[in-house]
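Bear in mind that the values here come from a model prediction, so they are computed numbers and not experimental data.
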Amino acid sequence: MPILEFDNTIYDNKECIEKIKAHFPYRKFKTFFDRANFLFENYREIDFSDNYAVLESFDGTVFFVKGCNCGYYGHGPSNTVSLLILINVPKETAEKYVHTHNAVELEFNEKGEMLENKTQLWGLFESRSQELLSGQVSLDTITYADVIERTMYFLSPSGASICSLVKLIDSISPTNLSYYIGNNSKPYFDFTFLQEQIDKSDINIPLNRLSFFMVKSELFDIVCLFEKEYAQTFINCIFRILNLALPFQEVRIGKIVFMLSSKSKCDSLSQKLISIAMNICKKDDEYHTVELQRGKQ
């Protein structure tokens, strides 16, 4: 899959223009302000460490156009507008979509005409808007995306971020789950690289003293770090989502109810209500590591 890169603007590179025109019409176009949205695409040829737009042609050719994104007025979005004009999107439409939306996903028919009913102008992951759309996941000090390593990190989530965590797990078809409860996670997974992100959050516990679980899938992995006292509650919740037998007997100290039946919060988990009891680890040095294949108990 070719990577096209512009030194300045799209019109300064005649070779790129010729290549793009040679494979017209295009079936799909997409670009995002938050590159984490590419985690849901199965593009493995590049790591999306830079801004890209993706063009998929009807002849099977896929172009990764470096230097394009959206969501503001600047060099990257200007390249995106020029690219859309090149594939026959009206200038006014291109400017309206690209400069004012954090995601632009378009589909076309075999004549190269844009299918407006297939247009999507928001991404699942959102880092800038304070008012999220239904089902969106906020990227903030608690939720961190490593696009290069294809991993989402949740740092001691609560409230809306727990809903986001559950929605993601439900949407990626997990293949493997592992978890750790204890006071020294470093032998199992070294989270030192997350220290800067931890410093931005309200977590006051040293990184290596946090418990964690990890959910793996073909699209991307999810890692959640949390305080040990909430470990059994978190892990029981995840096992229940994956339809696995609960690993811990619930101790009814308190009650946490996740209202996931509300479509305004989690579309993919509508009609599901998870009610789990608070659990507390009794021992200071209790350690567990378990790996399970989904569907096996």
Side-chain angles (χ1 to χ4, degrees), residues 1-59 61-109 111-133 136-140 145-148:
M1 296 184 182
I3 298 175
L4 302 181
E5 183 173 355
F6 304 119
D7 297 327
N8 187 14
T9 66
I10 189 169
Y11 294 114
D12 293 332
N13 196 319
K14 293 183 179 180
E15 182 180 354
C16 288
I17 292 174
E18 290 175 0
K19 287 182 178 179
I20 291 171
K21 287 184 174 181
H23 295 277
F24 185 85
Y26 288 90
R27 186 171 62 90
K28 286 185 179 182
F29 168 91
K30 63 189 65 177
T31 192
F32 304 100
F33 176 83
D34 293 299
R35 295 192 293 265
N37 286 291
F38 281 114
L39 289 175
F40 275 97
E41 308 296 338
N42 201 24
Y43 303 128
R44 302 291 177 163
E45 291 73 17
I46 57 176
D47 58 19
F48 291 100
S49 57
D50 208 325
N51 295 319
Y52 286 91
V54 179
L55 283 171
E56 297 183 17
S57 176
F58 279 98
D59 65 12
T61 302
V62 178
F63 286 122
F64 297 99
V65 188
K66 189 174 181 180
C68 296
N69 63 348
C70 61
Y72 61 102
Y73 288 86
H75 183 69
S78 294
N79 273 340
T80 304
V81 169
S82 298
L83 179 60
L84 288 175
I85 293 173
L86 192 62
I87 61 172
N88 286 357
V89 175
K91 180 180 179 180
E92 183 179 345
T93 301
E95 291 178 337
K96 180 178 68 173
Y97 287 172
V98 171
H99 291 309
T100 60
H101 294 87
N102 292 337
V104 180
E105 295 187 70
L106 308 176
E107 292 190 27
F108 305 85
N109 61 25
K111 295 180 181 179
E113 300 167 333
M114 190 172 64
L115 304 174
E116 293 190 12
N117 63 326
K118 298 287 187 178
T119 298
Q120 182 162 313
L121 300 174
W122 61 276
L124 178 65
F125 297 108
E126 172 62 57
S127 66
R128 300 196 298 175
S129 176
Q130 304 247 336
E131 298 180 4
L132 299 179
L133 298 174
Q136 281 189 307
V137 176
S138 176
L139 299 177
D140 48 33
D146 187 332
V147 181
I148 296 176

A.B. asks: Within 45° of the ring axis of Phe33 and under 6.0 Å from its six-membered ring centre, is that where the NZ or CZ of Arg128 lies?
C.D. replies: yes

A.B. asks: Does any N or O in the side chain of Asp47 come within less than 3.5 Å of the main-chain N or O of Ser49, such that one atom is a donor and the other an acceptor?
C.D. replies: yes

A.B. asks: Which pair of non-hydrogen atoms, one from Lys96 and one from His101, has the smallest distance, and what is that distance?
C.D. replies: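 Closest approach of Lys96 to His101, heavy atoms only: O-ND1, 3.6 Å.
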
A.B. asks: With salt bridge (charged side-chain N to carboxylate O under 4.0 Å, His left out) as the criterion, how do Glu15 and Lys19 come out once you've worked through the C-alpha distance, each side chain's angles and the decisive distance to 0.1 Å?
C.D. replies: CA-CA 6 Å; Glu15 182 180 354; Lys19 287 182 178 179; 3.5 Å; yes

A.B. asks: Does Asn51 reach the main-chain N or O of Gly67 with its side chain, forming a donor-acceptor pair under 3.5 Å?
C.D. replies: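 Not a single qualifying donor-acceptor pair exists.
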
A.B. asks: Roughly how far, to the nearest 0.5 Å, is CE of Met114 from OG1 of Thr119?
C.D. replies: 5.0 Å

A.B. asks: Check Leu139 against Ala145 and note the closest heavy-atom contact, atom names and distance.
C.D. replies: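 Looking at all heavy atoms of both residues, the closest pair is CD2-CB, 4.2 Å.
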
A.B. asks: With rounding to the nearest 0.5 angstrom, report the CD to CZ distance, Glu41 to Phe48.
C.D. replies: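 The CD atom of Glu41 sits 7.5 Å away from the CZ atom of Phe48.
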
A.B. asks: Has the side chain of Glu95 got a donor or acceptor atom that lies under 3.5 Å from a matching backbone atom of Val81?
C.D. replies: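 No; judged by distance alone, with no hydrogens or angles, the pair does not exist.
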
A.B. asks: So does Ser138 get a backbone contact from the side chain of Ser127, meaning a donor-acceptor N/O pair under 3.5 Å?
C.D. replies: no

A.B. asks: Between Ala103 and Gly123, what is the shortest heavy-atom contact and its length?
C.D. replies: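 In terms of heavy atoms, the two residues are closest at CB-N, 3.4 Å.
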
A.B. asks: Under 3.5 Å, is there a donor-acceptor pair between the side chain of Ser78 and the main chain of Gly74?
C.D. replies: yes

A.B. asks: How close do Glu126 and Asp34 get, heavy atom to heavy atom, and via which atoms?
C.D. replies: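 Here Glu126 and Asp34 meet closest at CA-OD2, 3.5 Å.
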
A.B. asks: Would you mind reporting whether Leu83 and Ile20 have side-chain heavy atoms less than 4.5 Å apart?
C.D. replies: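 Heavy-atom side-chain distance check passes, below 4.5 Å.
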
A.B. asks: Using atom types as modelled and distance alone, determine if a side-chain donor or acceptor of Asn109 lies under 3.5 Å from a backbone N or O of Gly112.
C.D. replies: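 Yes: the side chain of Asn109 pairs with the backbone of Gly112.
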
A.B. asks: Could you go through the side chain to side chain contact (heavy atoms under 4.5 Å, CB included) check for Leu106 and Leu84 one step at a time?
C.D. replies: CA-CA 10 Å; Leu106 308 176; Leu84 288 175; 3.8 Å; yes

A.B. asks: Working to the nearest 0.5 angstrom, can you tell me the gap between Thr31 OG1 and Phe38 CZ?
C.D. replies: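 Reported value, rounded in 0.5 Å steps: 5.0 Å.
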
A.B. asks: What about the rings of Tyr26 and Phe108, do their centers lie closer together than 6.0 Å?
C.D. replies: no

A.B. asks: CD/Glu92 to CD1/Ile85 distance, rounded to the nearest 0.5 angstrom?
C.D. replies: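 Going from the CD atom of Glu92 to the CD1 atom of Ile85 covers 11.0 Å.
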
A.B. asks: Could you please spell out the steps behind the side chain to side chain contact (heavy atoms under 4.5 Å, CB included) verdict for Val54 and Val62?
C.D. replies: CA-CA 7 Å; Val54 179; Val62 178; 3.8 Å; yes

A.B. asks: Judged by atom type as modelled, is there a donor-acceptor pair below 3.5 Å linking the side chain of Asn79 to the main-chain atoms of Gly76?
C.D. replies: no

A.B. asks: Are Asn102 and Phe32 side-chain neighbours, meaning at least one heavy-atom pair lies under 4.5 Å?
C.D. replies: no

A.B. asks: What distance separates His23 NE2 from Leu55 CG, expressed to the nearest 0.5 Å?
C.D. replies: 11.0 Å

A.B. asks: Nearest 0.5 Å, what's the NZ-OG1 distance between Lys91 and Thr93?
C.D. replies: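 Nearest 0.5 Å value for the NZ-OG1 distance: 12.0 Å.
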
A.B. asks: Are Tyr72 and His99 an aromatic pair, judged by ring center distance below 6.0 Å?
C.D. replies: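 No, the ring centres sit 6.0 Å or more apart.
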
A.B. asks: Could you go through the side-chain hydrogen bond (donor to acceptor under 3.5 Å, both in side chains) check for Asn42 and Arg44 one step at a time?
C.D. replies: CA-CA 6 Å; Asn42 201 24; Arg44 302 291 177 163; 3.1 Å; yes

A.B. asks: Just jot down the side chain to side chain contact (heavy atoms under 4.5 Å, CB included) partners of Asn88, sequence neighbours excluded, or say none.
C.D. replies: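 Checked Asn88 against side chain to side chain contact (heavy atoms under 4.5 Å, CB included); matches are Phe24.
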
A.B. asks: Output, in order, the C-alpha distance, side-chain angles, deciding distance and verdict of side chain to side chain contact (heavy atoms under 4.5 Å, CB included) for Val65 and Tyr52.
C.D. replies: CA-CA 5 Å; Val65 188; Tyr52 286 91; 5.9 Å; no

A.B. asks: Under 3.5 Å, side chain of Thr80 to main-chain N/O of Cys70, donor-acceptor pair present?
C.D. replies: no

A.B. asks: Using the ring of each side chain (for Trp, its six-membered ring), is Phe64 parallel, tilted or perpendicular to Tyr43, with breaks at 30° and 60°?
C.D. replies: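 Geometry flag for Tyr43 against Phe64: perpendicular rings.
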
A.B. asks: Would a 4.5 Å heavy-atom cut-off, applied to side chains only, mark Val104 and Phe29 as touching?
C.D. replies: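 With C-beta onward as the side chain, the pair touches.
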
